Amino acid sequence: MSGSGRAVAITGIGPVTPVGVGVAEFWDAIAAGRSGAGPITRFDATDYPVRIAAEVPGFDPEAFLDRKLARRLARFSQFALVAAELALEHARLDPSTVDPARVAVVVGTGIGGVAEWVEEFRVLAARGPRRVNPAAISLAMPNAAAAAIAIAHGFSGPNEATASACASSGHAIARAADLIRSGRADMAIAGGAEAAITPMGVAAFAAGRTLSLRNHEPERASRPFDTARDGFVLAEGATVLVLESMAAARARQAPVLAELLGYGLSCDAYNLTAPQPDGAAALAAMRSACEDAGVPPSRIGYVNAHATATRLGDIAEALAIRKLFDDQPPPTSSTKSMTGHLIGAAGATEAAITALALQAGVLPPTINYETPDPACDLDVVPNRARPCRVTVGLSNTFGFGGHNASLVIGATSAGPSTKAGGSHAT
Amino acid sequence: VTRGEIFTRLQERLAVEFDVDAQQIQPESTFAELGLDSIDLMSAVMDFEDEFDLEVADEELQGLATVADAVDLMARKLSVVA
């Protein structure tokens with residue numbers, strides 16, 4: 001399956017994240033090492049064990065979207081739709097100039113409209129079945145985000161949602177790549193969205209003992225690979241990418257930001273929440289991604305790790321990364337130290353960061369990396385961004401259920417052929 | 001309440017809830033013309049059930065096409081004499 005001619009162009013990035021909305025603000029924050037975490041403001045969390053999260057500050061859907069449409073969408077879909085608008089703008093793609101039947105939309109989410117569903121349950125419990133919102137299903141369904149993007153622009157190509165918990169948008173990008181590579185679509189709007197900073201979302205993640213309890217210093221709470229890590233910081237938002245066949249991108253003289261060279265998928269087949277301790281399946285996903293890209297691991301100069309700052313997850317991933325690179329791992333960062341964990345939007349957010357890092361020649365930091373955990377023996381880019389020209393990066397995204405998705409992303413013209421400028425000729 | 005009051009309240013409610021220009025909402029306007037789909041209509045009916053403390057059966061919604069149809073239905077339920 002490896003070989004040339006399979007690269008997919010990344011031509012637009014639309015981030016709606018705790019550290020920035022739109023590429024400029026987003027990348028500035030990532031390169032500067034700014035945290036998006038703070039006290040929870042979405043609801044009164046006084047009585048919750050976890051009172052911190054990474055919220056999208058001041059998000060006003062009506063500033064971007066038609067009011068009526070915004071009100072019919074759950075918060076995760078609002079994030080996705082705004083992210084798609086930003087991505088299309090970034091790609092300089094006027095939707096009216098393309099054949100809408102050739103545009104696919106694939107947007108993943110971990111839990112979809114959980115907040116809205118719980119709200120309707122309150123109505124049901126208090127006032128009975130006749131008072132439940134007739135739009136409850138279409139608000140809560142996980143595919144609403146993908147549908148809303150299609151409706152907004154008339155994109156009538158293949159359309160679906162992927163669901164693999166925290167790996168959902170890694171799978172969305174992989175699926176979108178398939179649709180383009182197989183010729184079923186010329187372009188795909190692909191990414192993920194999540195809005196789980198709700199009473200139920202926070203209570204449930206906290207009950208599972210997955211979240212950091214560092215309530216007194218939220219900006220220092222997300223500490224991947226650090227000995228003092230105690231869980232992740234729940235984040236919300238969406239990131240959507242515009243992907244195109246190289247031919248489609250060239251035909252419309254689109255700005256190619258980076259190239260999706262390949263992906264690999266696997267499952268731990270081990271436990272619903274705990275990672276396989278030796279990271280064997282994660283390693284298989286990374287190897288498979290390299291094979292699909294036609295790129296040997298030795299050419300990978302940067303890893304954007306999944307590392308959420310849980311004790312077991314970070315160690316298993318570090319072991320897998322060391323094995324992939326024969327104990328010579330390239331610079332690695334976990335940008336969740338800044339963004340928090342966007343769950344179903346994590347994979348697309350980090351694919352975007354990897355693409356932007358290659359484009360800028362700057363490797364983003366892992367902030368709060370103060371006491372390296374010897375069990376995570378990696379070249380972690382600590383605390384400050386590192387200027388470094390890299391042509392190929394690897395972005396990992398793993399989810400509850402043991403789902404693993406790894407993406408290999410290349411700087412423009414860093415494809416399988418090492419001949420300068422010749423990477424897409426065949 | 002009078003029939004006129006029902007119309008005014010419906011007009012206000014639709015304008016606010018569904019972002020429709022109030023001037024556009026006339027007795028002869030169809031819900032389709034106002035950009036309302038069946039889910040919107042159901043939501044509006046539920047609001048009215050709450051506001052006037054009445055129940056509208058699904059069968060009564062059959063054939064409801066215009067604002068005047070809705071006013072008629074409400075007036076009937078509230079036993080408003082024309």
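This structure is a prediction, so every number in the text was calculated from the model and none was measured. Note on naming: letters A, B, ... go to the chains in the order of the sequence lines (proteins, then strands), and numbering restarts at 1 for each one.
Atom CG of B/D21 is surrounded by more than 12 heavy atoms from other residues, nucleotides or ligands within 6.0 Å. Enclosure of atom CD in A/E89 is not indicated, since only 12 or fewer non-hydrogen atoms of other residues, nucleotides or ligands lie within 6.0 angstrom. By the neighbour-count criterion of 12 heavy atoms within 6.0 Å, atom CZ of A/F121 is sparsely surrounded, having that number or fewer from other residues, nucleotides or ligands. The local environment of CE in A/M200 is sparse, with at most 12 non-hydrogen atoms from other residues, nucleotides or ligands closer than 6.0 Å.
Looking at A/R131, both its backbone and its side chain come within 4.5 Å of chain B, counting heavy atoms on both sides. Residue contact with chain A, scored on non-hydrogen atoms closer than 4.5 Å, involves the backbone of B/V56 exclusively. Contacts of A/R130 with chain B are made by both backbone and side-chain atoms, with heavy-atom separations under 4.5 Å.
Taking the side chain as every heavy atom from C-beta outward, A/R72 and B/D37 approach each other to under 4.5 Å.
Shown here for A/V132 and B/M46, the closest heavy-atom pair between the two residues is O-CE, 3.5 Å. Closest approach of A/P134 and B/I39 over heavy atoms only: O-CD1, 3.2 Å.
Ion pairing between B/D40 and A/K68 holds under the 4.0 Å rule for side-chain N and carboxylate O.
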